[in-house]
Amino acid sequence: LAAYAIARLEFAGKKLVMTILMAHMVIPGSVLLLSNYLTIKEMGLLDRRVGVMVIYFGSSMGIMLLRQCYKTIPKALEEAAVIDGCNLAQSLLHVYLPSCKTAYLSFAIVSINFHWNNYLWPNVGINNSSRQTLPVGLALLTKISGAVRSRSGCSPRTASRMVLVPMSFSMPVCLYSSAMTTPPSG
């Protein structure tokens, strides 16, 4: 909805919002680590997976990507939907969503890959070893691989392959979905 508002609506402070979004994209995540930690601690979400996820719910990259996609859609399509009786929600659902499926899928692939491989924030936000994410658990496994291998028979190489399995299945599904939504050229 933020991308739609920035792309289609006129409001005071629109340039300021764009500047803040661009600045947020330039700032590395490690700079915001302390402020994110304190925010999650105040919310009572420290040492919980929801606390790790909540800081990624609003993505400036996703907003900018969808804004650009929404700007390419002719206003006449939205106006035609309004003439046909669609309200804003129906217009978003029936005009903008189908037209920007490839942008949604592209952002999903990039976002899933980034968050799946993220090590720093989950390592800071979750201290309980039973709740750690897979990359953090894999790092711990390689750190203590001798003790783990002798007890469970699992080597770091085997664990690395197990961590790659979900990504190996999600990428072809996203790419197939993208191919099915893209109209044939020619």
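As the structure is a computational prediction, the values presented were derived from the model and not from experiment. Sequence positions, counted from 1, serve as the residue numbers for this chain.
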Could you tell me whether R8 atom CZ has more than 12 heavy atoms of other residues or ligands within 6.0 Å of it? yes
Tell me whether L88 is reachable from L66 by hopping between hydrophobic residues (I, L, V, M, F, W, Y) whose side-chain heavy atoms are closer than 4.5 Å. yes
Between the CD1 atom in I20 and the CE atom in M22, the distance rounded to the nearest 0.5 Å is 13.0 Å
Residue pair S99 / C69: nearest heavy atoms and the distance that separates them: O-SG, 4.3 Å
Side chains of L92 and L1: does their closest heavy-atom pair fall under 4.5 Å? yes
In Å, rounded to the nearest 0.5 Å, how long is the span from CZ of F107 to OG1 of T102? 14.0 Å
Looking at every non-hydrogen atom in both residues, tell me the closest pair between A7 and R67 and how far apart they are. CB-O, 3.7 Å
Identify the heavy atoms of W121 and I40 that sit nearest to each other, and give their distance. CZ2-CG1, 3.8 Å
Heavy atoms, side chains only, cut-off 4.5 Å: are C86 and L93 in contact? no
Smallest heavy-atom separation, S35 atom then L32 atom, equals OG-O, 3.0 Å
Holding to salt bridge (charged side-chain N to carboxylate O under 4.0 Å, His left out), I want the full list of residues that pass it with K14, two or more places apart in sequence or in another chain. E10
Spell out, yes or no, whether F57 and I112 are grouped together once hydrophobic residues are joined by side-chain heavy atoms under 4.5 Å, including indirect joins. no
Assess the residue pair L21 and I6 against the criterion (side-chain contact (heavy atoms from CB on, under 4.5 Å)); give the C-alpha distance rounded to whole Å, side-chain angles, the decisive distance to 0.1 Å, and a yes or no. CA-CA 11 Å; L21 284 173; I6 294 170; 3.4 Å; yes
At their closest point, which heavy atom of G125 faces which heavy atom of L46, and how far apart are they? O-CD1, 3.8 Å
Quick check: do N118 and V52 have side-chain heavy atoms less than 4.5 Å from each other? no
Would you say L120 and M25 are hydrophobically clustered, going by side-chain heavy atoms of ILVMFWY under 4.5 Å? no
Across all chains, not counting sequence neighbours, the ring pair (Phe, Tyr, Trp, His ring centres under 6.0 Å) partners of Y4 are Y96
Nearest 0.5 Å, what's the OG-CD1 distance between S60 and I27? 9.0 Å
Do V54 and V124 sit in the same hydrophobic cluster, where Ile, Leu, Val, Met, Phe, Trp and Tyr count as joined when their side-chain heavy atoms come under 4.5 Å apart? yes
Do L97 and I63 share a hydrophobic cluster (ILVMFWY, side-chain heavy atoms under 4.5 Å, transitive)? yes
Minimum heavy-atom distance A5-F11, with the two atoms named: O-CE2, 3.6 Å
Check for a donor-acceptor pair, side chain of N127 on one end and backbone N or O of D47 on the other, with a separation under 3.5 Å. no
Could you check whether any side-chain heavy atom of E78 comes within less than 4.5 Å of a side-chain heavy atom of I73, counting everything from C-beta outward? no
Side-chain touch H24/M61, heavy atoms, less than 4.5 angstrom: no
